[in-house]
Amino acid sequence: MQFDLFDSTSNQILEAKTYQAFKQALIASNCQKCPLSQGRQHIVIDRGNSQAATLLIGEAPGENEDKQGRAFVGRAGQLMDQMMLEAGIDTNQDTLIANIIKCRPPENRAPKQEEVDQCLPFLRKQIALLNPTVIGLLGATSLKHMISGKPQTGMAEAVGKPFTHPHFPQVQLIVLYHPAYILRDPRKKPLMAEHLKVLKQLIDEHSNQR
Ligand code: URA
């Protein structure tokens, strides 16, 4: 029988009592749970404020994120920061930003289901420790992996409308366009700006409910 040495490490990470302890344990683990570990420079856990009441969830780190070890620091992240700021949201102060998976897929392809299966327990732990009142799902991949049942609805129907889900009691959820999509199709920018106004309203209404 082969022993999976990572399992006890993994349990240790998932038993962390504070967000900082979780983060330190995950980085120190040098996680090898999926093949993406082979090509990565950093495990990208987040960016922003780990005390914030709002969590934004993207897809996966890209090249800049992998280099710097922080989420959404490339072109898409800069566009998101700028658009959020225009809506009155400072991403580094008012939100914590994470991704469905924590290591960069080659050529920035979408995460494979088996990679998501290995990585998602870590995001769930982040959610448990952060205890957010608002979660913004950035793009179709985030929607697909966070909310079972919703993908059939599709982005076009789901985007911009707040909803609740039994998996996240007490949390207001909202699906937003992924900023990389806006980079590819800037005509959607005004629509995203409208959705960010709704997000800001949710943040204002729910951020002190913890
Ligand atoms: N795109 C994502 O989904 N996440 C990042 O961190 C950067 C780009």
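Each ligand, and each atom within it, is numbered from 1 in the order the structure gives. All values reported here derive from a predicted model rather than from experimental measurement.
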Pairs of nitrogen or oxygen atoms closer than 3.5 Å, one from Ala71 and one from ligand 1: do any exist? no
Please could you name the atoms of ligand 1 that Glu59 approaches to less than 4.0 Å, counting only its heavy atoms? 2 (C), 3 (O)
His178 touching ligand 1 at heavy-atom level, < 4.0 angstrom: yes
Among all protein non-hydrogen atoms, which one is nearest to atom 5 (C) of ligand 1, and what is the separation to 0.1 Å? Ala60 O, 3.4 Å
Should Phe72 and Leu56 count as side-chain neighbours, where that means a heavy-atom distance under 4.5 Å? no
For Lys23, is there an ion pair with Asp46 - N to carboxylate O distance below 4.0 angstrom? yes
Sequence neighbours excluded, which residues qualify as side-chain contact (heavy atoms from CB on, under 4.5 Å) partners of Glu15? Asn11
Got a sec, which residues hit side-chain hydrogen bond (donor to acceptor under 3.5 Å, both in side chains) with Gln170, two or more places apart in sequence or on another chain? none
Mind checking whether Gly58 has an N or O less than 3.5 Å away from an N or O of ligand 1? no
Check each heavy atom of Ala180 against ligand 1 and say whether those closer than 4.0 Å belong to the side chain, the backbone, both or neither. neither
Do Glu86 and Lys197 sit within salt-bridge range, that is, some charged N less than 4.0 Å from a carboxylate O? no
Any Ile135 side-chain heavy atom under 4.5 Å of Phe168 side chain: yes
Protein contact to atom 4 (N) of ligand 1 [nearest heavy atom, distance to 0.1 Å]: Asn99 OD1, 2.8 Å
